[in-house]
Amino acid sequence: MRLLLTTTFAVCLAQSAWTQEAADAVAPEAASGLGFAAISDEVTAAMAAKQAGAPVEAESWMVAAANPHAVAAGAEVLRNGGTAADAMIAVQSVLGLVEPQSSGLGGGAFLVWHDGATGEITTLDGRETAPMAATPRLFQDEAGEPLKFFDAVVGGRSVGVPGTPALMEAAHQKWGKTEWADLFTAGIKLSDGFEVSERLAGLVARDADRLSRYPATAEYFLPNGEPIVAGDVLVNPSYGAVLKRIAAEGAGVMYQGALVQDIVATVQSAAGNPGVMELSDLASYAVKERPAVCAEFRDHEVCGMGPPSSGALTVGQILGMVNVTDAGTADDIQTWRKIGDASRLAFADRGRYMADSDFVPVPSKGLVDKEYLADRAALLDGEKALESVAPGEPAWDHAALRWADDESIELPSTSHISIVDQYGNALSMTTTIENGFGSRLMTNGFLLNNELTDFSFRSHRDGFPIANRVEPGKRPRSSMAPTIVRKDGAPVLVVGSPGGSRIIGYVAQTIIAHIDWGMDVQQAVAMPHAVNRFGTYDFEEGTAMADMAPQLEALGFKVNVRGLNSGLHAISIGSDGLKGGADPRREGIALGE
Ligand code: GLY
């Protein structure tokens, strides 16, 4: 049955490969429930709170992420006086082991940081980068036609230079307090053996065909040809050895030396689909600090990751348009009409204008300008769905170019980490290897990303260049939206999610639910989803939101009821302390003290 489904998905993609709607043909990671073996009493209590729909409460610090082992590792660091940046390193190094399909040393990440001491907000861009030998034709066949999505994903061609290890080190250098080497203790210990979760086992079974293509990957996930199952104890000494080297020598071991030779050899020798990465691509990788992109929503400032992510700009556009309408209520069809069409308008701008701003001019200021968004919001004044949606004309602060609309497909895995520490720092980081299990290439116990397939496979349309086309040294456009919401300069909500380009809708909805509809963070992340990106309004199956679909259809929307597998992790910060919420669709928790 599983293989049958895989084949069906592949056929769907082949038939309709290059439309945005094709992204719907393949689900990203499936949802999963609890069912996690108890790690400690506090983890058990956090899991019970989540099951009961209640936030975890704390006074001093909190961490919320996608796997209880990883959250427990972060909590230990925070309890011992570590900063949010320290805790992130412990969380990330465990996630790369116990949730390897989603993020890890072979991937990239974006981090938003509110500094408790200075009140400043900034971001770190640890996005994967295209090798210098990559060309705009990287994902085209000899006739210049785009490759089928998974023909591009699986193998070395899709692998970008990983940024996560360098980002971990950069964050530690800027904001760390704990000894670097001590932050890997949990990951190293767990590499001696951890229990496979139901989620990991289910995803391996679902992807067995692709995971079996490369020997190192098959050996780990399909020992003796059979997928690992929940409850198996998985041992990963190679990963433990890499963590020990990073702990002792720094993240530089991922960019120069023997490990790098392994990465490059794995990419270049990938059977059937080799990549063009070279040693010099890794040696020249750099994390970039960039100003946060902020938009106004009610009396809050919503800050996140600007280009190469489309996250903050698109979330900011949706909220900026909703901001000029009444808050409405969550059970009012007209509220969802406005949110749905605001989102379509924002995605139209995203498709035209957003890409790596180090390579193409992006009108970032114009896109979240209040007056521009008020003009766009005026389009929402009717009572029916918009018949058609086109990109707007934001003000440009530099040379204007005529771009063609992008058509990249994002089916990512991805994970989100939210942390608040006792020093008043807040960290929001979304981290990824892109598709579930990335390129399916594994070396030294970690998977390599397929982030380059976040670029548009076509480089031009109707003679105009696509902003998000492949270029050497460029970073592919992302949808990741790690966000910190502030009021009067103080953080009040830390939030983010995996979910491909639906990340944007998940994050915007959670912020609206918390601020406009007064939901606590657990209610807000658990709330059923409705997401509209390119015209089809997706409603979460099996929920009250799905019951609304016919009414939205009557307003003129094309509707689709389906699983919507967010992985939201959020922390609210108020006069009544910290509250943490973890998405019930996945296996994460929040812990605090
Ligand atoms: N690959 C996930 C994202 O960057 O949106």
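Only a predicted model underlies this, so the values are computations on that prediction, with no experimental measurement involved. Just follow the structure's listing: the first ligand is 1, and inside any ligand the first atom is 1.
- Below 4.0 Å from some heavy atom of Asp454 lie the following atoms of ligand 1, by number and element: 1 (N), 2 (C), 3 (C), 4 (O).
- At least one heavy atom of Arg127 sits less than 4.0 Å from an atom of ligand 1.
- Across all their heavy atoms, Lys474 and Ala467 have their closest contact at NZ-O, 2.6 Å.
- Two rings, from Tyr255 and Tyr285, have their centers less than 6.0 Å apart.
- Within ligand 1, the atoms closer than 4.0 Å to a non-hydrogen atom of Glu451 are 1 (N), 2 (C), 4 (O), numbered from 1 in the order shown.
- Residue contacts with ligand 1 for Arg475 are absent, since no atom lies close enough (heavy atoms, distance under 4.0 Å).
- Each of Leu448, Thr266, Thr217 was evaluated against Met442; a single residue qualifies, Thr217, per the side-chain contact (heavy atoms from CB on, under 4.5 Å) test.
- Those atoms of ligand 1 that come under 4.0 Å of a heavy atom in Met480, given as number and element, are 3 (C), 4 (O), 5 (O).
- In this view, Asp356 satisfies the salt bridge (charged side-chain N to carboxylate O under 4.0 Å, His left out) rule with no residue, not counting sequence neighbours.
- Looking at every heavy atom in both residues, Arg344 comes nearest to Asp341 through NH1-OD1, 2.7 Å.
- The shortest N or O to N or O distance between Arg477 and ligand 1 is not below 3.5 Å.
- Within the listing of ligand 1, atoms 3 (C), 4 (O), 5 (O) sit less than 4.0 angstrom from a heavy atom of Ser479.
- Applying the side-chain contact (heavy atoms from CB on, under 4.5 Å) rule to Pro394 yields the partners Tyr353, Pro363, Leu367, Tyr372; only residues at least two apart in sequence or on another chain are considered.
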